[in-house]
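Both backbone and side-chain heavy atoms feed into the values below; hydrogens, waters and symmetry mates do not. Just so we're on the same page: letters track the sequence lines, and every chain starts at 1. It should be emphasised that the depicted structure is a prediction, and the values quoted were computed from it without experimental measurement.
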Amino acid sequence: MLQVPFIRANRERVIASLKTRNYPEDELNIVDEIIAVDDSRKSTQASLDELLAKNNQLSKSIGALYKEGKREEAEQMKSAVAALKDNTKNLQDQLQKAVNQLEELLLKVPNTVHPSVPNGNSDADNEVHQDWGKALPELGEDALPHWDLAKKYNLIDFELGVKISGSGFPLFRGQGSKLQRALINFFLDEAHEAGYEEIIPPLLVNEASARGTGQLPDKEGQMYHAEKDDFYLIPTAEVPITNMLRDVILEESDFPIKLTGHTPCFRREAGAYGKDVRGLNRVHQFDKVEIVEVAHPDKSYEVLDRMLSHVESLLQKLELPYRILRLCGGDIGFTSALTFDFEVYSAAQKKWLEVSSVSNFETFQSNRLKLRYRDADRKTHLAHTLNGSALALARIVAAILENNQSPEGIVIPKALQAYTKFEIIS
RNA sequence: GGUGAGGUGGGUGAGUGGCUUAAACCACCAGUUUGCUAAACUGGCGUACGGGAGACUGUACCGCGGGUUCGAAUCCCGCCCUCACCGCCA
């Protein structure tokens, strides 16, 4: 959520940002609406405060009068206070209404995008920020897509997944499981090396946490909900890990906060059925290693750069062809100010697969989380939050299988061999 | 699932209707003193929304939401959460 003072001070910028995001032209006045509602909120608050102050003062005098034994005067004053009551109630209702209305409006306003975010309508308009600098691999005509390779080498059993749960729940087995586990350990070790503290968080979270990172109320349908106990299955480790810092006031010396964690991620992806759902391209459950940082506002874009380098180094070590996209206004997430997606080329499908998304949320999340820090003057400010996948497992597996297939079998990238303890799947 | 106890500031913890402006202690910050460290002393020390150039100042907040009252941390109702023990259990 944006802060109203920010909107007041940056009215033009907020409107420009909405335009970049292709916000409906006829709803751009939401910005002025917010300012107007906040104006009335303020004046109502002021009148109410004044009335309450008077009330408090009178009540105090009544107490004093009783002590002095002046009952009659006290009784008289009581009725004076009672006369103020109706008005107090009115103002309180009015204030509540304004606050609710303000909240409702604010929930509709997405984060203000970074100036570098390009215009565009869809993922087709994302800007290639960087690529791996080499030619893309070309496989022969007989190259197999990963779902066929998985079957051939008995790595993943999609049918059993369907039997046990349903479509989108792959079952890994044998060397397939080992490859998966090797990747998780590799990613966690690399994150540790880069200074991230490892977390194993709860996988079911309460409503307050889902709200804190913004999954609720806007992305309600994306999460599995265990209704009986009112828990949500996490769609990403970002949710529990970032919520570690909910309602926290940090000292400046606590920066930088760097956390990482591996978790399964659960996504309903309702209505996402279409051409890209085969194999591991889109599943309801997958594993991911996430990196989360909380940064001083002056430093958050440096942090974002370092996170990009970290993710990039993982892909380089895995020798996978990749490119980094700067998401355009039409594709960037509601809560993000600037997002870079990493895509890996899956050479048999001849498709780019998204394997990471690295974002700076600036204060958008921390406002809802109430995650603040104290500056040298002991004043509190919202901190900046960032996160990124490092990396999402299922699709990385897909790319490794396809790109590394050979007549002898699937060659394990060198960096992973210490983890898999085998060099080839055959 | 059952029974009981409890939720007060960064922590411990007092507070059963107005002498609370939430005590006291610890922690923390600044200063004084002292070769250094420590100790002692003095002062400061919550969050949010307003007003004011500022010193300041108003309001709300004692788990959350209602209610009673001129006045609620305190009384009443509902909810949430935590802890302990029992049962079940990896």
Discussion item. Would you say A:R41 places a side-chain N or O within less than 4.0 Å of OP1 or OP2 belonging to B:G50?
Written reply: yes
Worksheet item: Roughly how far apart, to the nearest Å, are B:C80 and B:C28 at atom C1'?
Response: 32 Å
Worksheet item: Think A:R374 has a side-chain N or O under 4.0 angstrom from the OP1 or OP2 of B:C29?
Response: no
Item to complete: For nucleotides B:G6 and B:G43, find the distance between their P atoms and express it as a whole number of Å.
Response: 37 Å
Worksheet item: Between B:A14 and B:G7, how far is it from one P atom to the other, in whole Å?
Response: 9 Å
Item to complete: Choose from B:C70, B:U47, B:A60 the nucleotide whose nearest atom is closest to any side-chain atom of A:K78.
Response: B:C70
Worksheet item: More 5' along RNA chain B: A:D49 or A:K89, using each one's nearest nucleotide?
Response: A:D49
Worksheet item: Salt-bridged, A:D157 to A:K151, with N to O below 4.0 Å?
Response: no
Item to complete: Determine the interatomic distance between P on B:C26 and the same-named atom on B:U69; round to the nearest Å.
Response: 44 Å
Discussion item. Is there a side-chain contact between A:N55 and the phosphate of B:C70, meaning an N or O under 4.0 Å from OP1 or OP2?
Written reply: no
Worksheet entry | Integer-rounded Å distance: B:C81 C1' and A:D229 CG | 15 Å
Worksheet entry | Span that lies between the C1' atom of B:G65 and that of B:G9, in whole angstrom | 22 Å
Worksheet item: Across all strands, who's sitting opposite B:G35 as a Watson-Crick or G-U wobble pair, both distances under 3.5 Å?
Response: none
Fill in: B:C45 pairs with, by Watson-Crick or G-U criteria that keep both distances under 3.5 Å
none
Discussion item. Taking A:D331 first and then A:R326, would you say they form a salt bridge - that is, a charged N and a carboxylate O separated by under 4.0 Å?
Written reply: no
Worksheet item: Is the phosphate of B:U59, meaning OP1 or OP2, less than 4.0 Å from a side-chain N or O of A:K42?
Response: no
Practice prompt. Verify whether one side chain among A:H262 and A:N185 offers a donor that lies under 3.5 Å from an acceptor in the other.
Written response: no
What protein N or O atoms touch nucleotides 15-19 of chain B N or O atoms at under 3.5 angstrom, if any, and at what distances?
from	atom 1	to	atom 2	distance (Å)
B:G18	O2'	A:K67	NZ	3.0
B:G18	N2	A:S59	O	2.6

Discussion item. Nearest to the A:L52 side chain among B:U47, B:U69, B:A60, which nucleotide is it?
Written reply: B:A60
Worksheet item: Looking only at atom C1', what distance separates B:U8 and B:G13, rounded to whole Å?
Response: 9 Å
Discussion item. Please report the distance separating the P of B:U3 from the corresponding atom of B:U20, rounded so that it comes out in whole Å.
Written reply: 41 Å
Worksheet item: Does A:E27 come within less than 4.0 Å of A:K108, counting only side-chain N to carboxylate O?
Response: no
Item to complete: Choose from B:U47, B:C70, B:G58 the nucleotide whose nearest atom is closest to any side-chain atom of A:A53.
Response: B:G58
Fill in: Atom P, compared across B:C49 and B:C86: separation rounded to whole Å
47 Å
Practice prompt. Nearest whole angstrom, please: distance from the P of B:C45 to the NZ of A:K379.
Written response: 13 Å
Discussion item. Quick check on RNA chain B: between A:R372 and A:K54, whose nearest nucleotide comes earlier from the 5' end?
Written reply: A:R372
Discussion item. Please tell me if A:N206 has a side-chain N or O lying less than 4.0 Å from either OP1 or OP2 of B:C80.
Written reply: no
Just distance, no hydrogens or angles: give the donor-acceptor pairs under 3.5 Å from side chains in residues 191-208 of chain A, sequence neighbours left out.
from	atom 1	to	atom 2	distance (Å)
A:Y196	OH	A:E293	OE2	2.6
A:N206	OD1	A:A208	N	3.4
A:N206	OD1	A:S209	N	3.0
A:N206	OD1	A:S209	OG	3.1
A:E207	OE2	A:R211	NE	3.4
A:E207	OE2	A:R211	NH2	3.0

Worksheet item: Would you call A:R41 and A:D38 a salt bridge, using N to O less than 4.0 angstrom?
Response: yes
Discussion item. Within the 3.5 Å criterion, strictly below it, is a donor on A:E319 or A:N404 matched to an acceptor on the partner's side chain?
Written reply: no
